[in-house]
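Right, one structure below, let's go through it.
Every chain is numbered from 1 and lettered A, B, ... according to where its sequence line falls, protein lines coming before strand lines. Because only heavy atoms are used, hydrogens play no part in the values below, and waters and symmetry mates are left out as well, while side chains stay in.
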Amino acid sequence: MPPRVRFAPSPTGYLHVGGARTALFNWLYARRHGGTFILRIEDTDMERSSTDMVTAIFDSMTWLGLDWDEGPRVGGPHGPYFQTERLDKYRAAADALVASAHAYRCFCKPDDLKAERAAAEAAGQTWNYDRRCTRLAPDDIARRVAARESHAVRFLVPAGITAFDDLVHGRIEFDNANIEDFVIIRSDTYPTYHLSVVVDDVEMQITEVVRGDDHISNTPKQVLLYVAMGAAVPKFAHVPLIMGPDKKRLSKRHGATSVGEYETQGYLPEAMVNFLALLGWNPGGDQEVFSRQELIDRFTLEGISGGNAVFNPDKLDWFNQQHIMRLPADDVLRRIRPDLEALGWWSDDLLSTRADWIARVLALIKPRAKNLSEIAPQMRAFLSDNLVFDDAAVKKHLSDPSVPAHLQAWIAVLETTPSFDAASLEAALRALAEARGIKPGVLIHATRVAVTGQGNSPGLFEVLELVGRDRVIARMHLPA
RNA sequence: GGCGAUAUCGUCUAGGGGUUAGGACAUGUGGUUCUCAACCACAGAACCGGGGUUCGAAUCCCCGUAUCGCUACCA
C-alpha cells in the first residue's frame with residue numbers, strides 16, 4: 001500500500017527552514033514511493049493563527065516545489081483540510097471517548113489549576129492534575145452539562161508503559177505515570193493539538209508520521225489516543241531539529257529563518273531543497289549536489305540521523321553557487337528578468353535574436369555569482385552604456401601619465417584588427433605591449449576600467465568580444 | 001525538578017570491536033592567471049568524560065556530563 005504522509009503546519013508564522021525541511025522529508029518520501037502528500041492547516045489556536053500566514057505558507061511551499069496531492073486549494077477525499085472546519089469531528093471523537101470512559105469532563109477552573117501548579121513548582125514539587133473530577137457523581141456531571149457549565153475534557157491516562165518504534169530513533173518507551181491526564185477539549189470547546197492531530201491522521205489514513213523531534217514526548221499521548229479510539233497506530237519518524245550556530249533553537253537573532261526571506265535574497269529553490277535535504281539526512285556516497293529527482297530517487301527515512309543539526313549559511317551559499325552554475329542560460333535569464341526590468345536593461349530580443357549572445361554573457365557571470373541577485377548588476381557593462389566607475393580602480397589603472405599614449409595606440413589596434421574575438425584581441429594586445437616595452441597588465445587593467453568601470457570583471461578579452469568593437473572603442477575614448 | 005532524545009574535525013556527515021577514522025563546507029598555503037570568481041593541489045582540524053567487557057573499544061555495557069526537546073485548557 002503506498003504511503004500517505006502529511007505536513008501539518010500551524011499558521012502562526014511564516015514557513016521557517018525547520019518546517020520546510022519536515023515538509024521536504026514528507027514530500028520526498030511520498031514521491032519516492034508513489035504515495036500521497038497531504039497538506040493540513042492546524043489553525044485551532046485562533047489567537048495566534050492568521051490567514052495571511054496560511055497564504056505565506058502556501059507560497060513558500062510552492063516556491064520550494066513541494067506540491068501537495070490533498071489539501072487546501074486542491075481538495076481531496078478527506079477534507080476539509082483546515083482544522084477549524086473540522087471541529088465537529090473532534091467534538092464527536094471526544095464525546096465517544098467520554099462515553100467509553102477513556103476520557104472525562106473536568107470542571108476545574110484553569111486559573112485555579114494554574115495557581116496550584118505554580119505553588120507546587122515554587123516548592124520544588126512536580127505537579128500533575130489529581131483527577132478530582134473523576135470523582136464527580138454522574139448526576140452532578142449531567143446537571144452541569146445540561147446547565148452548559150463550561151468544562152474541559154481530559155483523557156484518562158491508564159497505568160502502564162507506552163512504547164513505539166521510531167523509524168529514526170528505534171524503540172522509545174514512556175512510563176504512563178509521567179503523563180498527566182491531558183486536556184483534549186478546552187473549555188471553549190476547541191480541541192487541543194493532541195486530539196485534532198490524531199483524529200485527522202486517523203481519518204486521513206496517514207501511514208507514517210514524519211515530524212520534528214520536539215514531538216517525541218507528545219507521541220505516547222497520541223499513541224494512547226489511537227488505542228483508545230480503536231484505530232491503527234501509524235509509524236513515526238522524528239527528525240532532528242535545526243539549530244543556530246550557537247546550538248540554540250534557530251530564531252530571528254540568528255538571521256533569516258523563513259523560507260520567504262531566502263527567496264527574496266536570491267537563493268534558488270533547488271539549492272534550498274538540496275541544502276535542507278542533506279541537513280540531517282545522508283544519501284550515502286560522496287555526492288553532495290543533487291537535483292530534485294536525484295533526491296527523490298535516494299530518499300529513505302532510515303538515512304535520517306539522530307542528532308540536531310546546525311544551520312550553516314556558508315554551505316547554503318555554496319549549494320546556491322553550485323546550482324546557479326548548473327542552470328542553463330535561458331533559465332537564469334527567466335529568473336533574473338524582474339531584476340533586469342527594474343534596471344531598465346530588459347528587452348525582448350534577449351529571448352530571440354540576442355539569445356546566443358546573452359547566453360555567452362551569462363556563461364561568464366554565472367560562476368562568479370553565489371546568489372541570483374548578484375547576476376543582473378554584473379551585466380551592466382554588457383547591457384548598459386551608463387557605466388559606474390570605481391574610483392579606486394580608476395586611480396590605480398588610468399591615472400598614470402603614460403597611460404593615455406598607450407591607450408591611443410591600443411585604440412588604433414582595436415579599430416583595425418580584422419577579427420574582434422577574444423583570442424585575436426589577446427594576441428594583438430600582447431604584441432602591442434611588447435612593442436611598446438610595457439607589461440600586458442598595464443593595458444589589460446586600463447582597458448578593463450575603461451570598458452567596465454570596474455577593477456574586477458570576467459576575463460577581459462571575452463568581455464571585449466561580447467561588448468563589441470563599436471562600444472569598446474567608444475568607451476576607450478572616455479576614460480575619466 | 002521529572003521524562004525523553006542526542007553526542008565523530010569549527011559546521012554537515014561517513015564509518016563502526018583491529019582503519020593512516022573517509023568526504024563536503026569553511027580556513028590556510030601553493031598552482032593557474034589580466035583582476036575577481038571558478039578550477040586544481042596540498043595542509044591543519046574530530047571519535048564528550050570516567051569505569052567495565054575484551055588480546056584489543058571511537059565502536060558493546062554502565063555511570064556521569066553537556067546540549068536539545070517535552071513537562072500548558074500552544075502547536
Checking all strands, does A:Glu173 fall into the base, sugar-phosphate, or nothing category for heavy-atom contacts under 4.0 angstrom?
sugar-phosphate
Are the side chain of A:Glu434 and the backbone N or O of A:Ala431 linked by a donor-acceptor pair below 3.5 Å?
no
Please measure how far the C1' atom in B:G31 lies from the corresponding atom in B:A38, and state the result in whole Å.
14 Å
For A:His215 and A:Tyr193, run ring pair (Phe, Tyr, Trp, His ring centres under 6.0 Å): C-alpha distance rounded to whole Å, both residues' side-chain angles, the deciding distance at 0.1 Å, then the answer.
CA-CA 11 Å; A:His215 289 291; A:Tyr193 164 71; 5.3 Å; yes
Would you confirm whether the ring centroid of A:Tyr81 sits within less than 6.0 angstrom of the ring centroid of A:Trp68?
no
What is the nucleic acid contact for A:Ser305, judged by heavy atoms within less than 4.0 Å: base, sugar-phosphate only, or nothing?
sugar-phosphate
Closest to the side chain of A:Met243, out of B:C70, B:U11, B:C68, is B:C68
Looking only at atom P, what distance separates B:G44 and B:G22, rounded to whole Å?
11 Å
What parts of residues 269-279 of chain A reach RNA chain B, counting only heavy atoms under 4.0 Å away?
A:Leu278, A:Leu279
Output the rounded distance in Å from CD1 (A:Ile216) to C1' (B:G69).
8 Å
Results of side chain to side chain contact (heavy atoms under 4.5 Å, CB included) for A:Ser50 - residues two or more places apart only:
A:Asp52, A:Met53
Enumerate the protein-to-nucleotides 37-45 of chain B contacts in which both atoms are nitrogen or oxygen and the separation is below 3.5 Å.
| from | atom 1 | to | atom 2 | distance (Å) |
| --- | --- | --- | --- | --- |
| B:A37 | O2' | A:Pro367 | O | 2.9 |

Verify ring pair (Phe, Tyr, Trp, His ring centres under 6.0 Å) between A:Phe299 and A:Phe25, making sure each step is shown before the conclusion.
CA-CA 8 Å; A:Phe299 189 75; A:Phe25 285 170; 5.4 Å; yes
Across every strand shown, the nucleotide meeting Watson-Crick or G-U wobble geometry with B:G28 (both distances under 3.5 Å) is B:C42
Can you tell me, in whole Å, how much space there is between the C1' of B:C9 and that of B:A46?
4 Å
Test A:Phe275 against every option in A:Phe311, A:Phe290, A:Tyr267, A:Trp318 by the ring-ring contact (aromatic ring centres under 6.0 Å, His included) rule and name the one that passes.
A:Phe311
Which base, if any, makes a Watson-Crick or G-U wobble pair with B:C9, both distances under 3.5 Å?
none
Taking the P atom of each, how far is B:A24 from B:A14, in whole Å?
15 Å
Residues at least two apart in sequence or cross-chain that pass ring-ring contact (aromatic ring centres under 6.0 Å, His included) with A:Phe182, listed by chain then number, are A:Phe155, A:His194
Between the protein and nucleotides 71-75 of chain B, list every N/O to N/O distance that falls short of 3.5 Å.
| from | atom 1 | to | atom 2 | distance (Å) |
| --- | --- | --- | --- | --- |
| B:A72 | OP2 | A:Arg117 | NH1 | 2.1 |
| B:C73 | O2 | A:Ser187 | N | 2.6 |
| B:C73 | O2 | A:Ser187 | OG | 2.8 |
| B:C73 | N3 | A:Ser187 | OG | 2.9 |
| B:C73 | N4 | A:Cys108 | O | 2.6 |
| B:C74 | OP2 | A:Arg186 | NE | 3.1 |
| B:C74 | OP2 | A:Arg186 | NH1 | 2.6 |
| B:C74 | O3' | A:Arg186 | NH1 | 3.2 |
| B:C74 | O2' | A:Asp45 | OD2 | 2.4 |
| B:C74 | O2' | A:Arg48 | NH2 | 3.1 |
| B:C74 | O2 | A:Arg48 | NH2 | 3.0 |
| B:A75 | OP1 | A:Thr44 | OG1 | 2.9 |
| B:A75 | OP1 | A:Arg186 | NH1 | 2.9 |
| B:A75 | OP2 | A:Tyr193 | N | 2.9 |
| B:A75 | O3' | A:Ser10 | OG | 3.1 |
| B:A75 | O3' | A:Glu42 | OE1 | 3.1 |
| B:A75 | O2' | A:Ser10 | OG | 2.7 |
| B:A75 | N6 | A:Asn218 | OD1 | 3.2 |
| B:A75 | N6 | A:Asn218 | ND2 | 3.4 |
| B:A75 | N1 | A:Asn218 | OD1 | 3.2 |

Counting only Watson-Crick pairs (N1-N3 plus N6-O4 or O6-N4) and G-U wobbles (N1-O2, O6-N3), all under 3.5 Å, who is the partner of B:C48?
B:G64
Who passes side chain to side chain donor-acceptor pair (under 3.5 Å) against A:Asp130, sequence neighbours left out?
A:Arg132
Under 4.0 angstrom, heavy atoms only, what part of the nucleic acid is A:Lys248 near: base, sugar-phosphate, or nothing?
sugar-phosphate
Donor-acceptor pair (no angle test) under 3.5 Å: A:Thr126 side chain, B:G1 base
no
For A:His151, what residues pass the ring-ring contact (aromatic ring centres under 6.0 Å, His included) criterion, not counting sequence neighbours?
A:Phe107
Residues from residues 452-459 of chain A sitting under 4.0 Å of RNA chain B, heavy atoms only?
A:Gly455, A:Asn456, A:Ser457, A:Pro458, A:Gly459
With nearest nucleotide decided by heavy atoms, which residue, A:Val310 or A:Leu460, maps closer to the 5′ end of RNA chain B?
A:Val310
Would you measure the distance from the P atom in B:G15 across to the matching atom in B:C48 and give it in whole Å?
16 Å
Over how many whole Å does the gap from A:His169 atom NE2 to B:C70 atom P extend?
14 Å
If I pick the C1' atom on B:C40 and the same atom on B:C47, what distance separates them, to the nearest angstrom?
31 Å
How would you list, by chain and number, every residue that makes a salt bridge (charged side-chain N to carboxylate O under 4.0 Å, His left out) with A:Arg48, sequence neighbours excluded?
A:Asp45
Sorted by chain and residue number, the salt bridge (charged side-chain N to carboxylate O under 4.0 Å, His left out) partners of A:Asp391 (sequence neighbours excluded) come out as none
Taking the six-membered ring of A:Tyr129, is the NZ or CZ of A:Arg154 close enough (under 6.0 Å from the centre) and on axis enough (within 45°)?
yes
Need the pair for B:G18. Rule: Watson-Crick or G-U wobble, both distances under 3.5 Å, any strand; none if unpaired.
B:C55
If the P atom of B:A58 is compared with that of B:G51, how far apart are they to the nearest Å?
12 Å
Quick one: list whatever passes salt bridge (charged side-chain N to carboxylate O under 4.0 Å, His left out) with A:Arg448, sequence neighbours left out.
none
Inter- and intrachain pairs under salt bridge (Lys or Arg N to Asp or Glu O under 4.0 Å), touching residues 311-321 of chain A, at least two apart:
A:Glu288-A:Lys315
If I pick the C1' atom on B:U8 and the same atom on B:G49, what distance separates them, to the nearest angstrom?
15 Å
Closest approach to the side chain of A:Phe174, judged atom by atom: which nucleotide of B:C3, B:A5, B:C70 is it?
B:C3
Strictly by Watson-Crick or wobble contacts shorter than 3.5 Å, is anything paired with B:A75, and which nucleotide is it?
none
Using a 6.0 Å distance limit plus a 45 degree cone around the ring axis, check whether A:Arg91 lies over the aromatic ring of A:Tyr190.
yes
